[in-house]
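The figures that follow rest on heavy atoms only: side chains count, while hydrogens, waters and symmetry mates do not.
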Amino acid sequence: MANKIYNVGSENEEKYGSKHFQVLMAIIVCLPIFSYGTAMGWISPHKALLMGEDTPSNAPVTETEVSWMASIMFIFAPIAVFIYGIAADKFGRKNALLCCSIPIAVGWMIKLISAHPIALIGARAFIGFGAGGAFVVCPLYVKEISEDSIRGMTGTFVIFSQTAGNLLVFILGDFLPFNTVLWILLAIPVVHFCVFLKLPETPSYLIKCGKNEETRKVIGWLRSLPKDHKLVNEEIDRLIVEQTTCEPKFSPKLLFSDKTAVKAFWVALIVNLTREFCGCIAILVYASHIFTAARKDPNTSISLSPNKQSIMLAAVQIVGSFLACQLVDRAGRKPLLAVTSVVAGFSMALLGVWFYLQGIGVFMPGWVPIAALCICIFADASGLQPLPFVIMTEMFSFQLRGTVATLVMAISLATDFALLRLFAPLTELIGYHFTFWMFSLICLSNVFYLIFCVPETKMRSLEDIYADLEGKNKRKKKSDEVVETNHV
């Protein structure tokens, strides 16, 4: 089927191959995440309208209803994670990803039909369900179509798509009518579904289904090489070996029966939870307060509407995500994640100092918290957010990849919900300054964990990564040094 859709196997094709189709596929694959980003940001530019006298709803929406709109997505997303994780292994990555766009499209259609608060909350539950599945399937699909030299870059597209969706809806909401925005956002999952119908399954899953010839054509198209090229044959041989030694299925029991895989799971889980507990979500929630307080300083000429503030922060995120795409395959996963953790940690500490001085009546220039805010969000987008997804998919075999992604994303999304619900009570209990200092401590502690416990995954095989986890590489290095000394 792939040869009917794609021009593969031509004698005139470039013998050295190309990565263009892999990048294009990764962008298309991440459109459900892009839709999730638009849904996450949709409340910000429309909150005033929904709660005002000119609301499209029957009556002005209350603060409690808005709160439920914001949090309902995180209730249904963890449920979807398990369903889509099992479906991705049983029915294929492509079919699972197609089913992600259906509830997202249904959600936007409900919003178009009715702006009643219950309808809006229900619509966002549908979107959260589809987005939860997308956060499991998209990283798997992207990893399995990308060659080693660019899998870091394509892996960062997950978070880049989310931040791009945020920016798009902030801009649309600032300039276009309510229903026009909804029609545009509905078009995204519909276009994704229609386009993705014509695109292939991942090579790994095709091999699992015994479709070796179709796999050859798909790999040839993805790599821009003839289907009988040496590199295509080598990749197919590697996939066949992988598939004959393991059958993919959702099996936590299988995962936890392997001591090394358990170590890798804890690494993947901890770096993902650090992403949640670094405090950047709280920073985004509290950004309007920081801007408002900064405007009280007469020497700070900042006068932005709440939506303009959101646009500025989304632009900072986009720049950070773009930088991550450029650096992740050059600098490596560990160095980039460690540097961004340090930057985020110190900017959080600075924000805590600002809140503390504000509380005791000590003057501090208004530009300081805004600079700290932007630096923190930049560091989050350029490392803390995208890299845990990359590390998670690179540390496991095809057999366990779906199980790990399901478990890690379910825990992470549940953590998001808890953090959003508990942030306000926490700040009332210990104050904003102690809260941000706690986030700072988590970010800085993550640096030491990365240095001593997390293996580098860039351009490395699973055997090499697991040898690091078991300490074999260090023992081998010491042994080689002893042998060399004895020889001298």
Side-chain angles (χ1 to χ4, degrees), residues 29-40 42-43 65-111 117-141 158-159 161-162 165 189 192-193 248-256 265 268-269 272-273 275-277 281 388-389 392-393 400-423:
V29 164
C30 290
L31 280 178
I33 304 293
F34 182 79
S35 291
Y36 167 77
T38 63
M40 281 294 296
W42 179 81
I43 291 178
E65 289 165 340
V66 171
S67 175
W68 273 108
M69 287 181 206
S71 60
I72 192 70
M73 294 174 67
F74 295 106
I75 296 176
F76 281 82
I79 299 171
V81 161
F82 288 99
I83 296 173
Y84 281 95
I86 296 171
D89 282 340
K90 189 170 184 179
F91 303 110
R93 281 46 166 146
K94 176 182 176 179
N95 290 329
L97 199 54
L98 283 169
C99 291
C100 290
S101 285
I102 295 173
I104 294 175
V106 169
W108 292 118
M109 283 190 286
I110 292 174
K111 289 187 179 185
I118 295 178
L120 294 177
I121 293 171
R124 293 181 67 80
F126 274 101
I127 295 173
F129 189 85
F135 270 106
V136 173
V137 185
C138 286
L140 298 180
Y141 198 110
V158 174
I159 296 301
S161 300
Q162 179 183 332
H192 172 262
F193 185 89
K249 59 180 179 179
F250 180 76
S251 178
K253 182 178 179 180
L254 182 63
L255 169 65
F256 291 108
F265 171 77
L269 179 61
N272 272 276
L273 288 182
R275 183 191 75 223
E276 310 301 338
F277 284 110
I281 291 178
F389 286 100
M392 177 180 69
T393 57
L400 295 176
R401 208 173 290 146
T403 300
V404 171
T406 299
L407 294 174
V408 169
M409 289 313 305
I411 296 170
S412 297
L413 290 167
T415 302
D416 276 338
F417 174 74
L419 187 61
L420 286 174
R421 301 301 293 179
L422 296 176
F423 177 70

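- Of all the heavy atoms in Met392 and Ala405, the pair that sits closest is SD-CA, 3.9 Å.
- The CD1 atom of Ile43 lies 8.5 Å from the CE atom of Met73; values are rounded to the nearest 0.5 Å.
- Summarising the geometry of Cys100 relative to Ala134, their closest heavy-atom pair is SG-N, 3.4 Å, with the distance given to 0.1 Å.
- Tested against Tyr84, the residues Phe91, Phe129, Phe135, Phe76 include a single ring pair (Phe, Tyr, Trp, His ring centres under 6.0 Å) partner, Phe129.
- Judged by distance alone, the side chain of Arg93 and the main-chain N or O of Tyr141 form no donor-acceptor pair under 3.5 Å.
- A distance of 9.0 Å separates CZ in Arg124 from CZ in Phe74, rounded to the nearest 0.5 Å.
- Partners of Phe256 by ring-ring contact (aromatic ring centres under 6.0 Å, His included), not counting sequence neighbours, listed by chain and number: Phe265.
- Taking 4.5 Å as the limit, every side-chain heavy atom of Ser35 sits out of range of all side-chain heavy atoms of Ile127.
- Atom CE of Met109 sits about 9.5 Å away from atom CZ of Phe126, to the nearest 0.5 Å.
- In plain terms, the two heavy atoms of Gly132 and Val81 that are nearest each other are O-CG2, 3.5 Å.
- One distance of note links CG of Asp89 with OG1 of Thr406; it measures 7.0 Å at 0.5 Å rounding.
- From Ile121, atom CD1 reaches atom CD1 of Ile75 across 10.0 Å, with rounding to the nearest 0.5 Å.
- With sequence neighbours excluded, the residues that form a side chain to side chain contact (heavy atoms under 4.5 Å, CB included) with Ile118 are His116.
- The shortest side-chain heavy-atom distance between Trp42 and Thr38 does not fall under the 4.5 Å cut-off.
- Heavy-atom minimum distance, Ile104 versus Pro32: CD1-O, 3.9 Å.
- Residues Ala410 and Pro78 come closest through the heavy atom pair O-CB, 3.9 Å.
- The shortest heavy-atom contact between Val136 and Gly85 is CG1-CA, 4.0 Å.
- Pairs engaging residues 99-110 under the side-chain hydrogen bond (donor to acceptor under 3.5 Å, both in side chains) rule: Ser101-His192 [sequence neighbours left out].
- To the nearest 0.5 Å, atom CG of residue Leu97 and atom CZ of residue Phe193 are 10.5 Å apart.
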